[in-house]
2 protein chains.
Amino acid sequence: MHDEHPLAQDLGFLLSRASGVFAKTASEALSPLGLRVRSYSVLAFASEVETGVTQRRLAELMGLDPSQVVALVDELEGNGLVRRVTDPNDRRSKLVSATSEGTRVRSEGGRRIAEAQSGIMADVKPETQVELNALLRQLVFPDE
Amino acid sequence: MHDEHPLAQDLGFLLSRASGVFAKTASEALSPLGLRVRSYSVLAFASEVETGVTQRRLAELMGLDPSQVVALVDELEGNGLVRRVTDPNDRRSKLVSATSEGTRVRSEGGRRIAEAQSGIMADVKPETQVELNALLRQLVFPDE
DNA sequence: TAACATTGATTGATATCGTCAATTATTGAC
DNA sequence: GTCAATAATTGACGATATCAATCAATGTTA
């Protein structure tokens, strides 16, 4: 085992690079749908719950500044993929939910991404993939 | 085990978020040195080999467009942390190498990052960390 | 050797992303 | 009823990603 790279041990560096590999693949897979990776993520969260998700929660889930969520939802709403309604229980919040068209596009996007990325982890044992998934989830969402 | 998040299974999403956690930590750790994460990475690679690294190679290692490397090296050179000399064997290439000051700053940066990130993986078994490292390396540098 | 394609570095343009400060509307607490 | 806290929004600015075009040097080939 050689480690000529000084950053080969640097987990942050490796995560960033690995993330880039996936992001690039996903980006190309989504491009025909007119979606970016970010937009797709928002759409996916908005598709999950019938009643919708607040933008505050979206920012939290995605690790974004709330102001970025505004722009993302603006765009998706403009394309008719999500709707944004004031939460009747708290009129400060807006509930973002997918339209039927949004739900359809989200599914299509999910399929495309899965297909495009299927090769990346092909050499990795399934149980290792499961372990990796659990590890990252614990790291990203420690409270859940 | 509940997975309320639609993207909880999405490895690309998790990698991106995890990468963000590390990047933010590293960024704060490096800020007192006047370095960004990217600059530090370039400096680290430039510190590794006495003779220096070509910018082409830097772009490849870091997954960047060559034009981004130009700006990064410009900045580091301006701060006296690296030097850039024409490769005598191929006058198209520039060899980037760390100055003595650059080597010192790189060490200091490495220490700061390690300290700042020590807590993040504290709950993860050492052998799992090793496995994760190997997995990501294989994914990012499949040919090495 | 002269013509041509390729490569490495560079510049510039454009779109996206990250971070912060400030504002407005609404809610909660005292 | 006043005041602090919260959710969304806008605007600004620097950082990042991507791409096209240029220039100098090298490699290829007729």
Side-chain angles (χ1 to χ4, degrees), chain A residues 12-13 16-17 19-28 30-31 34-42 45-46 52-78 82-97, chain B residues 12-13 16-17 19-28 30-31 34-42 45-46 52-78 82-97:
Chain A
F13 176 77
S16 167
R17 293 282 279 109
S19 164
V21 171
F22 276 83
K24 181 154 191 166
T25 306
S27 177
E28 290 165 358
L30 292 174
S31 149
L35 286 177
R36 281 163 294 121
V37 177
R38 280 292 168 71
S39 328
Y40 169 76
S41 295
V42 169
F45 283 116
V53 193
T54 69
Q55 299 185 189
R56 179 77 191 76
R57 177 73 178 142
L58 280 174
E60 192 175 280
L61 287 166
M62 299 181 59
L64 300 179
D65 188 273
S67 62
Q68 295 180 268
V69 177
V70 173
L72 288 166
V73 174
D74 278 351
E75 185 192 338
L76 289 170
E77 192 181 34
V82 304
R83 67 188 134 253
R84 173 159 43 183
V85 302
T86 301
D87 183 348
N89 297 326
D90 183 344
R91 298 178 42 75
R92 290 171 300 184
S93 298
K94 305 283 178 66
L95 292 169
V96 180
S97 57
Chain B
F13 176 77
S16 167
R17 292 284 278 106
S19 165
V21 171
F22 276 82
K24 181 154 191 168
T25 305
S27 177
E28 290 166 356
L30 290 173
S31 148
L35 286 178
R36 281 163 294 123
V37 178
R38 280 293 167 72
S39 328
Y40 169 77
S41 295
V42 169
F45 283 116
V53 192
T54 69
Q55 298 185 191
R56 180 78 191 76
R57 177 74 176 141
L58 279 173
E60 193 175 278
L61 286 166
M62 298 180 60
L64 299 178
D65 188 275
S67 62
Q68 295 181 268
V69 177
V70 172
L72 288 166
V73 174
D74 277 351
E75 185 191 339
L76 289 170
E77 191 181 35
V82 304
R83 69 188 132 252
R84 172 160 41 183
V85 302
T86 300
D87 183 348
N89 297 326
D90 184 343
R91 297 178 42 75
R92 288 171 301 186
S93 298
K94 304 285 178 64
L95 291 169
V96 180
S97 57

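Residue numbering restarts at 1 for every chain, and letters A, B, ... go by the order of the sequence lines.
Per the geometry, CZ belonging to A/R57 stands 16 Å off C1' belonging to D/dT6, to the nearest Å. Between the P atom of D/dT26 and the CG atom of B/D87 lies a distance of 9 Å, rounded to the nearest Å. Whole-Å rounding puts the A/M62 CE to C/dT16 C1' distance at 13 Å. When rounded to the nearest whole Å, the span between NZ of A/K24 and C1' of D/dT16 equals 14 Å. Rounded to an integer number of Å, the gap from CD of A/Q55 to P of C/dT24 is 19 Å. Separating the CG atom of B/N89 from the P atom of D/dG27 is a distance of 10 Å, rounded to the nearest angstrom. Taking atom CG of residue B/L35 and atom C1' of nucleotide D/dG14, one finds them 17 Å apart after rounding to whole Å. The CD atom of B/E60 sits 9 Å away from the P atom of C/dG8 (whole-angstrom rounding).
Nearest heavy-atom pair across B/L30 and B/R36 is CD1-O, 3.8 Å. Of all non-hydrogen atoms in B/A26 and B/V37, the two that sit nearest each other are CB-CG2, 4.0 Å.
Note that OG1 of B/T86 and NZ of B/K94 are 5.0 Å apart. Values are rounded to the nearest 0.5 Å. To the nearest 0.5 Å, atoms OG (B/S19) and CZ (A/F13) are separated by 10.5 Å. With values rounded to the nearest 0.5 angstrom, B/E75 atom CD is found 8.0 Å from B/L35 atom CG. Between B/L61 atom CG and B/R57 atom CZ the span is 4.0 Å, to the nearest 0.5 Å. We find the CG-CD distance between B/L72 and B/Q55 to be 9.5 Å, quoted to the nearest 0.5 Å. Rounding to the nearest 0.5 Å gives a distance of 8.0 Å between CD of B/E60 and OG1 of B/T54.
Side-chain N/O atoms of A/R91 and base N/O atoms of C/dT26 include no donor-acceptor pair closer than 3.5 Å.
The side chain of A/R84 lies closest to D/dT9, out of D/dT9, C/dT19, C/dG18. Each of C/dT10, C/dT19, D/dT9 was ranked by its minimum atom distance to the side chain of A/D65; first place goes to C/dT19. Residue B/R56 places its side chain closer to C/dG8 than to any other of C/dG8, D/dT16, D/dA7. Here C/dT10 is the nucleotide among D/dA24, C/dT19, C/dT10 with the atom lying nearest to any side-chain atom of B/K94. Closest approach to the A/S67 side chain among D/dG11, D/dA17, C/dA9 is made by D/dG11 (side chain taken as heavy atoms from C-beta onward). For A/R92, taking side-chain heavy atoms from C-beta onward, the closest of the listed nucleotides C/dC17, C/dT11, D/dT6 is D/dT6.
Within residues 69-78 of chain B, no residue places a heavy atom under 4.0 Å from DNA chain D.
Within the 4.0 angstrom heavy-atom criterion, only backbone atoms of the sugar-phosphate kind lie near B/S93; the bases stay farther away.
Nearest-nucleotide positions on DNA chain C place A/Q68 closer to the 5' end than the other of A/Q68 and A/D90.
For C/dC17, the OP1/OP2 oxygens have a side-chain nitrogen or oxygen of A/R36 closer than 4.0 Å.
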